[in-house]
Every structure is written in structure tokens, then in C-alpha cells.
Q: 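To start, I am sharing the structure in question, which I have written as C-alpha cells.
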Amino acid sequence: MFKALNPFKSRTNTPASAKNSQPLTFNDPQQQLIAQQVERCYQIAETKLKRSFPRPEINFALRGKSAGTAHLQLNKLRFNATLLKTNHQAFIDEVVPHEICHLLAAQVFGRVKPHGREWQSLMLQVFNLQPRTTHSFDTTAVEGKTFDYFCLCGPIKLSVRRHNKVLRGETQYRCRKCGSQLQSN
């Protein structure tokens, strides 16, 4: 009686004028270049896949060690502004196509594994890029505060989140090498 809506399917009948009625603009020049690269990548994808795609929302509010994330249901791309500053060309060449392929895979194939065959084939066929799942950026600028814990092997750093779990008695951690329980100072 009712047709279930699949949040992973894109609207393929979106008119070209509705896709980009308001071009995205950012005050930061590097962020603006990323937004332009997103548009270029979508134009390439539309040409190679012979269909149109709705443009995603873009923001630069991502924190932590991830360079970018794609939110499939929201059709949204989030990028890490701190990592962008020190890895600008890699963002243009690798991170933007990587994240766009996540959105494209969901819109073309439906629900798929994040770095599965469908995503990999889009990386290769649409953008002619090797499908790598992680970046190799220097993340020291975005690392959070750490706490020293010790085992029989020596010191081990725990994140604030893990340290707080230990303090609240929610968990205990063991060394992966020697198996001993980690102890704080």
C-alpha cells in the first residue's frame, strides 16, 4: 500500500538548476577551493556515470584525526579545517574524491560497505584513484591531551576519553603486548 522510502537513494530527476541554485561560498580561501573541487568532482561523476546527483552540504567543523566524513542520509560532507591547512593539495587530490565516493556509492548502489567493492570501483573508474581507506597526514596538531599509563613494557598514552572511563571505574585497559593491566601514576 505504501512505498517505503530508501534514504540511500538519490533523486535522479533533480533539475540542473535546482542542484546549484546557490553556489557555496566560504570566507577562507582554502575552504572555498575545496568547495570548488567538490563541484568539479561531481561534474566528473555525472559525466562518467551519465546521471545527475544532488550536491551535498559542506562544512569544515570536523575535529579529531579524521580528514573528512560523509553523512549518507544527510547528503553532507564534513572536512577537518586544521588538517586542511597543512595538507591542502592532498585534500584536493584525495580526501574530496574519497568522501564524495561514499555519497555516490550510497546513491548509486544503495546500502553498501563503507570501503567495499562499490566504493572502490567508483574511486578507480570515476576518479582514477587508488582506493585507500586512511590518510597518512601528520596529526600532531589535532591530537588531544593524553595521560601516561604504565605496564610491564613501559609507558602508554591514553586519550582523555579512555582516561575518564578509567577514573569513573567503567573500564580497565590492558597492554596489547604483555597483557598486564595499565596503571596510572
Q: Nearest 0.5 Å please: distance from the CZ atom of Phe60 over to the NZ atom of Lys85.
A: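 Taking CZ in Phe60 and NZ in Lys85, the distance rounds to 11.5 Å.
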
Q: Do Val112 and Leu122 sit in the same hydrophobic cluster, where Ile, Leu, Val, Met, Phe, Trp and Tyr count as joined when their side-chain heavy atoms come under 4.5 Å apart?
A: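 Yes, Val112 and Leu122 fall within the same hydrophobic cluster.
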
Q: Is there a path from Leu129 to Val126 through hydrophobic residues (I, L, V, M, F, W, Y) whose side chains come within less than 4.5 Å of each other?
A: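 Hydrophobic grouping puts Leu129 with Val126.
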
Q: Rounded to the nearest 0.5 Å, how far does CG of Leu182 lie from SG of Cys151?
A: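 Answer for the SG-CG pair, Cys151 versus Leu182, is 6.0 Å.
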
Q: Starting at SG of Cys153, measure out to CZ of Arg176 and round the result to the nearest 0.5 Å.
A: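 Taking SG in Cys153 and CZ in Arg176, the distance rounds to 12.5 Å.
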
Q: Are His102 and His71 an aromatic pair by the rule of ring centers under 6.0 Å?
A: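 When the ring centroids of His102 and His71 are compared, they turn out to be at least 6.0 Å apart.
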
Q: From Cys175 SG over to Phe150 CZ, what is the distance, rounded to the nearest 0.5 angstrom?
A: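 One gets 13.0 Å once the value is rounded to the nearest 0.5 Å.
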
Q: Check whether any side-chain N or O of Trp119 sits under 3.5 Å from a backbone N or O of His98 as a donor-acceptor pair, and report yes or no.
A: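 Checked: pair present.
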
Q: Spell out, yes or no, whether Ile92 and Ile58 are grouped together once hydrophobic residues are joined by side-chain heavy atoms under 4.5 Å, including indirect joins.
A: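 Yes, one cluster joins them.
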
Q: Looking at every heavy atom in both Ile100 and Cys41, which two are closest together, and how far apart are they?
A: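 Reported closest heavy-atom pair: CD1-CB, 3.4 Å.
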
Q: In chain order, what residues pass the salt bridge (Lys or Arg N to Asp or Glu O under 4.0 Å) check against Arg161, with sequence neighbours excluded?
A: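 Salt bridge (Lys or Arg N to Asp or Glu O under 4.0 Å) check on Arg161 returns nothing, list empty.
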
Q: Find out whether Arg111 and Leu72 are in side-chain contact, i.e. whether some heavy atom of one side chain is under 4.5 Å from a heavy atom of the other.
A: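 Arg111 does not reach Leu72 side chain to side chain.
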
Q: Can you name the nearest heavy-atom pair linking Leu103 to Pro56, along with the distance?
A: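 Heavy-atom minimum between the residues: CD1-CB, 3.7 Å.
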
Q: If I compare all heavy atoms of Arg162 with all of Tyr173, which pair ends up nearest, and what's the gap?
A: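 Smallest interatomic distance, heavy atoms only, reads CG-OH, 3.2 Å.
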
Q: Could you give me the CA-CA distance, side-chain angles and deciding distance for Gln37 and Arg40, then say whether side-chain hydrogen bond (donor to acceptor under 3.5 Å, both in side chains) is met?
A: CA-CA 5 Å; Gln37 178 65 3; Arg40 277 193 295 277; 3.0 Å; yes

Q: Measure the shortest side-chain to side-chain distance between Val96 and Phe79 over non-hydrogen atoms and say whether it is less than 4.5 angstrom.
A: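 Touching, per the 4.5 Å side-chain cut-off.
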
Q: Shared ILVMFWY cluster between Phe127 and Tyr42, side chains joined below 4.5 angstrom?
A: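 Yes, it is one cluster - the side chains of Phe127 and Tyr42 are joined through contacts under 4.5 Å.
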
Q: Are the side chains of Thr86 and Asp138 in touch, meaning some heavy atoms are under 4.5 Å apart?
A: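 Thr86 does not reach Asp138 side chain to side chain.
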
Q: Would you compute the distance between atom CD1 of Ile34 and atom CD of Glu99 and round it to the nearest 0.5 angstrom?
A: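 Going from CD1 on Ile34 over to CD on Glu99, the span is 11.5 Å.
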
Q: Do Leu124 and Pro131 touch side chain to side chain, with heavy atoms closer than 4.5 Å?
A: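 Touching, per the 4.5 Å side-chain cut-off.
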
Q: For a side chain to side chain donor-acceptor pair (under 3.5 Å) with Tyr149, tell me which candidate from Gln183, Lys157, His163 qualifies.
A: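 Only one of Gln183, Lys157, His163 forms a side chain to side chain donor-acceptor pair (under 3.5 Å) with Tyr149, namely His163.
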
Q: Can you confirm whether Leu104 sits close enough to Phe53 that some side-chain heavy atom of one is under 4.5 Å from a side-chain heavy atom of the other?
A: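 A side-chain contact under 4.5 Å exists here.
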
Q: Are Gln107 and Asn75 linked by a side-chain donor-acceptor pair shorter than 3.5 Å?
A: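 Distance-only check passes for Gln107 and Asn75.
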
Q: Please report the closest heavy-atom contact between His135 and Ala67, naming both atoms and the distance.
A: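 Minimum heavy-atom contact is CD2-CB, 3.7 Å.
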
Q: How far apart are the closest heavy atoms of Ala61 and Asn59, and which atoms are they?
A: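 Reported closest heavy-atom pair: N-OD1, 3.1 Å.
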
Q: Taking the side chain as every heavy atom from C-beta outward, state whether Val166 and Gln172 have any pair of such atoms under 4.5 Å apart.
A: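 Heavy-atom side-chain distance check fails, nothing below 4.5 Å.
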
Q: Is there a side-chain contact (heavy atoms from CB on, under 4.5 Å) between His88 and Leu33 once you walk through the steps?
A: CA-CA 9 Å; His88 183 72; Leu33 288 173; 3.6 Å; yes

Q: Quick check, are the ring centers of Phe91 and Phe137 under 6.0 angstrom apart?
A: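 That pair passes the under 6.0 Å test.
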
Q: Within the structure provided, determine whether Glu94 and Arg132 are in side-chain contact (heavy-atom separation under 4.5 Å).
A: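 Answer yes - side chains close enough.
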
Q: Considering all heavy atoms of both residues, which atom of Lys65 and which atom of Leu83 are nearest to each other, and what is their separation?
A: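 Looking at all heavy atoms of both residues, the closest pair is O-CD1, 3.6 Å.
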
Q: Inspect the contact between Glu46 and Arg55 and indicate whether a charged nitrogen and a carboxylate oxygen are less than 4.0 angstrom apart.
A: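 Looking at Glu46 together with Arg55, the answer is yes, because their closest N to O distance falls below 4.0 Å.
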
Q: Got a donor-acceptor contact below 3.5 angstrom from the Asp28 side chain to the Gln31 backbone?
A: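 Side chain of Asp28 to backbone of Gln31: a pair is present.
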
Q: Decide if atom CD of Glu170 counts as having more than 12 heavy atoms of other residues, nucleotides or ligands within a radius under 6.0 Å.
A: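 Enclosed: over 12 neighbouring heavy atoms sit under 6.0 Å from CD of Glu170.
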
Q: Rounded to the nearest 0.5 Å, what separation is found between the OG1 atom of Thr69 and the CG atom of Leu77?
A: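 Thr69 OG1 to Leu77 CG: 8.0 Å, rounded to 0.5 Å.
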
Q: Are the side chains of Ser184 and Phe147 in contact, using a 4.5 Å heavy-atom criterion?
A: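 Counting from C-beta outward, Phe147 and Ser184 never come under 4.5 Å.
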
